[in-house]
Amino acid sequence: MKNDTISLLQSPTTGLELKLESSTLPDGRIIEQLVSQQAEQFVIANDIAIFYEMEKLTGLNKKYQLFYDKINWYYDLGGKIVMYILHGGEENVRREYLKELEIKDDSKVLEVSVGSGANLQFMPKAPKYYGLDIAMKMMRRCQKNAVKWGLDLELFYANAEALPFKNNSFDVVFHVGGINYFNNKKAAIDEMIRVAKPGTKMIIVDETEQLAKAASRIIPGAANYYRRDKPIEPPIDLVPDDMLEKDVKLTANGDLYCLSFRKP
Ligand SMILES: C[S@@+](CC[C@H](N)C(=O)[O-])C[C@H]1O[C@@H](n2cnc3c(N)ncnc32)[C@H](O)[C@@H]1O
């Protein structure tokens, strides 16, 4: 892991600074880990720093981690097919919300719940990208995709509700596709705001009630995926009052909402 990446990190539990240490196991293998003053240890496995124990996931977070790890192998193709049938293609659907982001060549860009990285293929190559997710198999796929797309990307196994980054670290922060079913949406929104630099415009995109209803009728198994006790609403009420330019747009013919706001 590069030094400039380590300088952005903190423990998601204590907020303490982290430094890189390597140690040699009895069998001769070398492991790298990030450690804090309080002896917290976060192992780096195949270039992904592990900030959360998968076994500790609960509730909806656990349900969707299991779901995405299971379907990782057809997520990219399945997404393309569904978006082609519904909207004539994936690229136009994704570009419609991505155009809201204010990306420069030297930006540090964070995608919360990066999955297989499907948004990143439509983004400029020059910036430095950072992504996190709780589904490891999706992120392994993302690693391969980033190489294919020629992107500079660092990945972290972390929960959106407790990010392993210092305050005011990123020029661009966005999320697509998971928040409707997070255990704690408010914590995730607060965390996105905390790690964004002042002035950053953020977007949060997910399915609308219209898509959840239609998909539940047409796609086998979708009713379980979209199980909910009340209709889906964009979580604008969870965005703190002091955020600027709060707005909700419907995209993909009303199948997605794009909630945006700017950190003062
Ligand atoms: C529909 S996929 C979206 C992936 C990608 N953003 C995209 O647009 O293709 C939703 C992602 O949210 C992730 N996710 C669900 N709950 C999460 C949580 N609490 N923290 C981080 N990621 C989470 C899932 O593992 C999955 O990869």
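Whatever order the structure lists ligands and atoms in, that order sets their numbers, starting from 1. Because the structure is predicted, anything quoted here is derived from the model rather than measured.
For ligand 1, the atoms lying closer than 4.0 Å to a non-hydrogen atom of Arg94 are 7 (C), 8 (O), 9 (O). Residue contact check: Ala135 has heavy atoms under 4.0 Å from atoms 25 (O) of ligand 1. Numbered from 1 in the order shown, with element, the atoms of ligand 1 that lie under 4.0 Å from a heavy atom of Asn159 read 18 (C), 19 (N), 20 (N).
Remark: the backbone N or O of Pro127 is not paired with any side-chain donor or acceptor of Ser107 at under 3.5 angstrom. Remark: side-chain polar atoms of Glu161 are paired, donor with acceptor, to backbone N or O of Asn183 under 3.5 angstrom. In this structure, the side chain of Tyr64 engages the main chain of Tyr225 through a donor-acceptor pair within 3.5 Å.
Here the protein heavy atom with the shortest distance to atom 1 (C) of ligand 1 is Tyr68 OH, 3.0 Å. Atom 20 (N) of ligand 1 has as its closest protein heavy atom Ala160 N, 2.9 Å. Looking at atom 11 (C) of ligand 1, its nearest protein heavy atom turns out to be Asp133 OD2, 3.9 Å.
A donor-acceptor contact closer than 3.5 angstrom is absent between the side chains of Arg95 and Asn92. Donor-acceptor pairing under 3.5 Å is lacking for the side chains of Ser260 and Glu100. Using modelled atom types and a 3.5 Å distance limit, the side chains of Glu111 and Asn119 yield a donor-acceptor pair.
Residue Tyr75 places at least one N or O, backbone or side chain, under 3.5 Å from an N or O of ligand 1. Considering backbone and side-chain atoms together, Val176 places an N or O closer than 3.5 Å to an N or O of ligand 1. Here's the thing with Glu161: none of its N/O atoms is less than 3.5 angstrom from an N/O atom of ligand 1. Looking at Asn119 next to ligand 1, an N or O pair under 3.5 Å apart turns up. Checked against a 3.5 angstrom limit, the closest N/O atoms of Ala118 and ligand 1 fall outside it. Looking at ligand 1, you'll find an N or O of Ser113 within less than 3.5 Å of one of its N or O atoms.
A salt bridge is defined here as a Lys NZ or Arg NE, NH1 or NH2 lying under 4.0 Å from an Asp or Glu carboxylate O, and Arg228 with Glu209 meets this definition. Taking 4.0 Å as the cut-off between side-chain N and carboxylate O, Asp152 and Lys2 count as a salt-bridged pair.
Residue-level proximity to ligand 1 for Asn61 is carried by the side chain, the only part with a heavy atom below 4.0 angstrom. At a heavy-atom cutoff of 4.0 Å, ligand 1 is contacted by the side chain of Glu111 but not by its backbone. Contact annotation: for Tyr181 versus ligand 1, there are no heavy atoms closer than 4.0 Å.
When the heavy atoms of Gly177, Ala158, Gly59 are ranked by distance to atom 10 (C) of ligand 1, first place goes to Gly177.
Of all the heavy atoms in Lys166 and Arg194, the pair that sits closest is C-NH1, 3.7 Å.
Judged by the 6.0 Å distance and 45° axis criteria, Lys128 is positioned over the aromatic ring of Tyr130.
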